[in-house]
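Below, all heavy atoms of this structure are taken into account, side chains as well, without hydrogens, waters or symmetry copies. Just so it is clear: chains get the letters A, B, ... in the order the sequence lines come, proteins before strands, and each one is counted from 1.
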There are 2 protein chains.
Amino acid sequence: MPMVTAAQQRAQAKLEYDAFLASCPSRQLLERISDKWVSLILAALGGDGPHPGKDRADRPRSMRYSELSRRLAGVSQKMLTQTLRTLERDGLLTRTVTPTVPVTVTYELTDLGGSLHDLMRGVKVWAETHMDEVLANREKYDARTT
Amino acid sequence: MPMVTAAQQRAQAKLEYDAFLASCPSRQLLERISDKWVSLILAALGGDGPHPGKDRADRPRSMRYSELSRRLAGVSQKMLTQTLRTLERDGLLTRTVTPTVPVTVTYELTDLGGSLHDLMRGVKVWAETHMDEVLANREKYDARTT
DNA sequence: ACCGGTAACTCTCCAACGGGAAGTACGCAC
DNA sequence: GTGCGTACTTCCCGTTGGAGAGTTACCGGT
């Protein structure tokens, strides 16, 4: 009989979540969401368009597996499935199977996933808007070191 | 009715970065910053304490190499050096060598790096605050699938 | 009855990336 | 000379991710 239940362990750890500690669960969560495919999946399901300033249609969408794999150009099926599974397990999105033929599987952000998406959208927009500056910095750096 | 040629569309698309396209530079930038070590390095140099609500001392810090490697528990020297180099190349932080003995190397966020840190801090805080919820979701998921 | 088509995976192989440990360069103190 | 401390750098090897073929399950056509 275990003396300490999982719930008790959580209650204990709750006092001190610190992502800088390698053993902290929040560190693993940070590693999980700091993933290129995670950020793109969130952006896709969050309804981010390519050009953030223009379309205001950034409400959560429900997307099919095949739709996602087309949207995230370059993702392998393995990684897409794997990443979606872990996000589902963590409660960031829901997976719905509709028994049509062939079977239809749709994914949708939960409220929890949506709250993370609100943050991650900013990061994606940052990358797109500061691209020029970063490219200029790289040129300067490469010129300096050659 | 304005006529838009294919050439004009291409020229237009060239100006706009879209992280969903595999070939877009901003996609590579998003992949670079969606990295566990990048987010932790930014948090460390941005002055994030373990408990975000408590200490207000979240102004940019200058940190030594050894200080960073102690702070980011579990990082290998190789990855720390490599990650710092690319962040320096992209202009997110500066590397300063002081010819003391032994040599002292300090790293500090640039304004550009600081602007990204403002966004990433939210993500780290999100991970720490929603940890309980995610752990509960995992238990439910595992119970459902076993 | 059989074949083909489609969606969503799943499996298998292999190349690339990341971690660990050991080695390097520098200058000074002894 | 030998040793030491900082900040790397190099080598080896285990793990991860990508490419692409294979799988399942169903149905509609012939």
Q: For a quick check, with a 4.0 angstrom heavy-atom cut-off, what is the B/S/- contact string for nucleotides 15-20 of chain C, read 5' to 3'?
A: ---BBB
Q: DNA chain D: B:Val101 or B:Tyr107, which has the more 5' nearest nucleotide?
A: B:Val101
Q: If I take atom CG from residue B:Leu30 and atom CH2 from residue A:Trp126, how far apart are they, to the nearest 0.5 angstrom?
A: 10.0 Å
Q: Does B:Phe20 have A:Arg71 sitting over its ring (NZ/CZ under 6.0 Å from centre, angle to axis within 45°)?
A: yes
Q: State the CG-CG distance between B:Leu68 and B:Leu84, to the nearest 0.5 angstrom.
A: 6.0 Å
Q: For A:Arg64 and C:dC9, what is the distance between atoms CZ and C1' respectively, to the nearest whole Å?
A: 13 Å
Q: Which nucleotide sits closest to the side chain of A:Ser66: C:dA8, C:dC9, C:dT6?
A: C:dA8
Q: How bent is the helix from C:dA1-D:dT30 to C:dC30-D:dG1, measuring the angle between the end axes built from five pairs each, rounded to 10°?
A: 30°
Q: At what distance, to the nearest 0.5 angstrom, does OG of B:Ser62 lie from CD of B:Glu67?
A: 8.0 Å
Q: Taking all atoms of both residues into account, what is the closest heavy-atom pair of A:Leu72 and A:Ile41, and its distance?
A: CD1-CG1, 3.4 Å
Q: Within the side chain of A:Ser34, is there an N or O that forms a donor-acceptor pair under 3.5 Å with the backbone of A:Glu31?
A: no
Q: Tell me whether the OP1 or OP2 atom of C:dC9 has a side-chain N or O from A:Arg85 closer than 4.0 Å.
A: yes
Q: With side chains defined as the heavy atoms from C-beta onward, is the minimum distance between B:Leu112 and A:Asn137 less than 4.5 Å?
A: yes
Q: Any donor-acceptor pair under 3.5 Å linking the side chain of B:Asp90 with the backbone of B:Leu92?
A: no
Q: Under the salt bridge (Lys or Arg N to Asp or Glu O under 4.0 Å) criterion, do B:Glu139 and A:Arg89 qualify, and how do the steps go?
A: CA-CA 9 Å; B:Glu139 279 178 33; A:Arg89 189 167 103 103; over 6 Å; no
Q: Just the endpoints, please: which first and last nucleotides of DNA chain D, 5' to 3', lie under 4.0 Å from a heavy atom of chain B?
A: D:dG5 to D:dC11
Q: In terms of heavy-atom contacts, does CZ of B:Arg32 have more than 12 from other residues, nucleotides or ligands at under 6.0 Å?
A: no
Q: Starting at atom CG of A:Leu80, determine the distance to atom P of C:dA7, rounded to an integer number of angstrom.
A: 15 Å
Q: Is there a path from B:Tyr141 to A:Leu93 through hydrophobic residues (I, L, V, M, F, W, Y) whose side chains come within less than 4.5 Å of each other?
A: no
